[in-house]
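All ligand and atom numbering here is 1-based and tracks the order in the structure. Just so it is clear, the values below take in all heavy atoms, side chains as well, and ignore hydrogens, waters and symmetry mates.
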Amino acid sequence: MIKVDNLSKSFGSLKVLHNISMEINKGDVVAIVGPSGSGKSTLLRCVNLLEVPTEGKVWIDGQNLTDPKTNIMHVRAKIGMVFQHFHLFPHKTALENLTYAPMKVKGLSKGEAVSTARNLLKKVGLEEKENEYPNRLSGGQKQRVAIARALAMEPEYMLFDEPTSALDPEMVKEVLDVMKSLAGSGMTMAIVTHEMGFAREVADRVCFLDGGALVEQAPPKEFFQSPRTDRAKAFLEKVL
Ligand code: ADP
Ligand code: MG
């Protein structure tokens, strides 16, 4: 499981996360919501050490990420990350985007990597697109390739940072459907999202960040129907 313990993060004199503690257990789907600038991305990035916490600890399966003795590459290999802007390799085909890291990092043979990649492309509905380059794919297709690419490393956790925010509205659903099916398969997921309907339907828990603080943490039904704080109420009035 992922355990965030009293995490704070500052950029210079700007403190953007304040004493965050949260746990994500195996199989949990956690939606992280909150206003722009509230620290959602920074929190996710601290979980796989793309940002180094200023204070506090992050534990992944009992290993302290901030301990210098921890093998970060080893721990990070357990965590797949999907970004708002896809970050695909532009000069690789969809298939090559999926086979690159498993061959390079996990030492899979080309045959093994290709076979896994094809299965995953099929899973996200893109088996016909394996030879396309990213610039020939729609936003929704690119994001589905990005999700499949993360899954190709067989992660135990998946972190999503606003995976549908850069998409045209008609492509949001195809990506959410892939994420929903992944959640249904038991994947442990943390998802920063503005899709409140999705959070409500798919998440086990909603974490509401405001001003760098974890202000509320509750099951979706409770959070959306009866938010406890004025800050959450004000946020929900704007987005619902
Ligand atoms: P969110 O994802 O909720 O919109 P972010 O985590 O991106 O929020 O940002 C939280 C705050 O941290 C913002 O004030 C942002 O400007 C600041 N911030 C984020 N990354 C950096 C950085 N690398 N250097 C300085 N400030 C940053
Ligand atoms: Mg963000």
If we only look closer than 2.8 Å, how many protein N, O or S atoms does the Mg ion (ligand 2) have near it?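 Atoms of protein N, O or S type lying less than 2.8 Å from the Mg ion (ligand 2) total 1.
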Only one of I147, L137, L126, V175 passes side-chain contact (heavy atoms from CB on, under 4.5 Å) with K142; say which it is.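 Among I147, L137, L126, V175, the one meeting side-chain contact (heavy atoms from CB on, under 4.5 Å) with K142 is L137.
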Hydrophobic clusters here meaning ILVMFWY residues chained together by side-chain heavy-atom distances under 4.5 Å, can you tell me if V172 and V124 are in one?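 Yes, same cluster.
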Check the side chains of [Y] and [X] for a donor-acceptor pair under 3.5 angstrom, ignoring hydrogens and angles.
X    : Y   : value
E96  : T99 : no
T42  : E51 : no
D161 : S41 : yes

Quick one: closest heavy-atom pair of A117 and L98, and the distance?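 That closest heavy-atom pairing would be O-CD2, 3.5 Å.
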Can you name the nearest heavy-atom pair linking T188 to N25, along with the distance?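 Shortest heavy-atom contact: CG2-O, 3.3 Å.
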How about NZ on K122, more than 12 heavy atoms from neighbouring residues, nucleotides or ligands closer than 6.0 Å, or not?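 Atom NZ in K122 is not packed in, count stays at 12 or less.
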Evaluate whether atom CZ of F224 has more than 12 neighbouring non-hydrogen atoms of other residues, nucleotides or ligands under 6.0 angstrom away.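 Result for CZ/F224: enclosed.
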Which protein residues have a heavy atom closer than 4.0 Å to any atom of ligand 1, listed by chain and number?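 Lining ligand 1: F11, V16, P35, S36, G37, S38, G39, K40, S41, T42.
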